[in-house]
Amino acid sequence: MPELPEVEVTRLGVQSKFAGQRLSAVQVRQPRLRKPVPTDALTRLAGEVLRGTSRRSKYLLLQFDSAQVMVHLGMSGALRVVPSDSAWQLHEHVQLSFGDLALRLHDPRRFGSIDCIAAHEDLNAHASIRGLGVEPLTPQFTPATLYRASRGRQQNCKSFLLAGQAVVGVGNIYASESLFRAAIRPGRAAGRLSLQDCERLHQAIVEVLSEAVAAGGSSLRDFSGVGGELGHFQTRAFVYDREGQPCRRCATPIRRQVHGQRSSFVCFTCQPR
DNA sequence: AAGCTGTCCTGAAAGC
DNA sequence: TGCTTTCAGGACAGCT
């Protein structure tokens with residue numbers, strides 16, 4: 001399931017394959033994703049050059065002169081590079097062609113989305129971007145970010161991280177992994193974190209996300225890079241999806257808990273409170 | 001206002 | 001064996 005590292009790995013692939021190239025055609029085979037695909041607005045971009053790529057939280061941004069295309073991979077989405085004239089495979093919904101090669105969105109569960117934001121619109125005012133917390137892999141993210149944002153919160157730490165109001169891009173896998181490395185139980189109230197806890201958690205989040213980007217992301221079910229290459233961070237996970245298996249640090253069986261209707265994985269020995 | 005719950009969707013796994 | 005049910009998850013609307 002794509003979280004920040006998977007989106008970043010995808011972005012790097014798109015950037016290296018297609019930056020500077022001209023968008024020659026747009027095809028929408030299945031417009032019913034999480035939100036309706038803006039087929040007309042996308043089609044009008046044909047003929048423009050892909051100037052560059054960026055990312056905000058888990059949104060991948062493709063910059064053209066008159067607009068930027070905002071892609072979210074949902075939980076099963078991936079962008080693939082394919083020959084422009086190749087036959088459509090099951091669950092491939094949208095194609096952006098750049099001459100002979102094209103980028104195709106493959107998303108079995110269709111939780112992904114594609115939006116088109118005109119150049120004159122302020123990205124930060126967009127409904128999906130407004131209200132998001134700081135980017136974790138920037139200097140703006142500090143222990144104080146977490147400490148301040150968590151004051152007065154009754155919510156558990158796991159849901160607090162997933163909510164994205166303090167820091168963005170940390171999804172279910174990396175939240176469990178970060179809390180393990182910071183020795184904090186996911187069920188603890190966020191408001192009860194000490195500054196020292198926030199220092200460890202900050203460091204853990206930065207490390208986990210950076211390592212995951214370097215590992216090509218986590219390929220648990222559907223994710224792959226644009227060339228189909230699989231990430232391998234999941235083989236290094238200490239707790240995620242390891243219920244009943246021995247903790248890699250102390251051999252205590254990993255337990256599964258549910259917070260906010262999402263699975264959390266925890267070692268009760270390494271995460272004492 | 002913060003923080004729950006339900007919804008979207010499909011494939012895999014579990015249950016019968 | 002084969003059908004049915006359950007579960008997983010990110011974002012967000014709609015509640016309380």
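To find a chain, count down the sequence lines: A is the first, B the second, and so on, and within it residues start at 1.
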>> Under the rule for salt bridge (Lys or Arg N to Asp or Glu O under 4.0 Å), what residues qualify as partners of A/Arg110, not counting sequence neighbours?
In response: none
> Can you name the side chain to side chain contact (heavy atoms under 4.5 Å, CB included) partners of A/Ser16, sequence neighbours left out?
Replying inline: none
>> Each nucleotide in nucleotides 10-16 of chain C should get exactly one letter: B, S or -. Can you fill that in based on protein heavy atoms under 4.0 Å?
In response: BBS----
Pairs of donor and acceptor atoms involving the side chains of residues 204-214 of chain A, under 3.5 Å and at least two apart or interchain, shall be tabulated with distances.
residue  : atom : partner  : partner atom : Å
A/Glu207 : OE2  : A/Gln203 : NE2          : 2.9
A/Ser210 : OG   : A/Val206 : O            : 2.6
A/Glu211 : OE1  : A/Arg181 : NH1          : 3.4
A/Glu211 : OE1  : A/Arg181 : NH2          : 2.9
A/Glu211 : OE2  : A/Arg181 : NH1          : 3.0

>> Mind checking if A/Arg130 touches a base, just sugar-phosphate, or nothing, with heavy atoms under 4.0 Å?
In response: nothing
>> Atom CG of residue position A/Asp100 - does it have more than 12 heavy atoms of other residues, nucleotides or ligands inside 6.0 Å?
In response: no
> With pairs taken as Watson-Crick or G-U wobble and both distances under 3.5 angstrom, which stems of at least three consecutive pairs involve DNA chain B?
Replying inline: B:2-16 with C:2-16
> If you find the nucleotide of DNA chain B closest to A/Arg32 and the one closest to A/Gly152, which residue's nucleotide is nearer the 5' end?
Replying inline: A/Gly152
>> With a 4.0 Å cutoff (strictly under), does any side-chain N or O of A/Tyr174 reach OP1 or OP2 of C/dG9?
In response: no
> 5' to 3' on DNA chain B, which nucleotides open and close the contacts with chain A (atom under 4.0 Å from a heavy atom)?
Replying inline: B/dG3 to B/dG11
> Residues in side-chain hydrogen bond (donor to acceptor under 3.5 Å, both in side chains) with A/Arg51, at least two apart?
Replying inline: A/Asp65
> For A/Glu243, does the CD atom have more than 12 heavy-atom neighbours from other residues, nucleotides or ligands under 6.0 Å away?
Replying inline: yes
> Applying salt bridge (Lys or Arg N to Asp or Glu O under 4.0 Å), which residue pairs with at least one partner in residues 139-167 of chain A are found, sequence neighbours left out?
Replying inline: none
> Looking at residues at least two apart in the chain, or sitting in another chain, which of them share a salt bridge (Lys or Arg N to Asp or Glu O under 4.0 Å) with A/Arg56?
Replying inline: A/Glu135
> With A/Asp197, which residues qualify under salt bridge (Lys or Arg N to Asp or Glu O under 4.0 Å), at least two apart?
Replying inline: A/Arg188, A/Arg200
>> Need one value for A/Ser263: base, sugar-phosphate or nothing, where a base atom within 4.0 Å counts as base even if backbone is also close, heavy atoms only.
In response: sugar-phosphate
> Can you list the residues that meet the side-chain hydrogen bond (donor to acceptor under 3.5 Å, both in side chains) rule with A/Gln15, with sequence neighbours excluded?
Replying inline: A/Thr53
> Which residue pairs pass the ring-ring contact (aromatic ring centres under 6.0 Å, His included) test with at least one member in residues 144-198 of chain A, sequence neighbours excluded?
Replying inline: A/Tyr174-A/Phe233, A/Phe180-A/Phe238
>> Under 4.0 Å, heavy atoms only, any strand: does A/Gln154 hit a base, just the sugar-phosphate, or nothing?
In response: sugar-phosphate
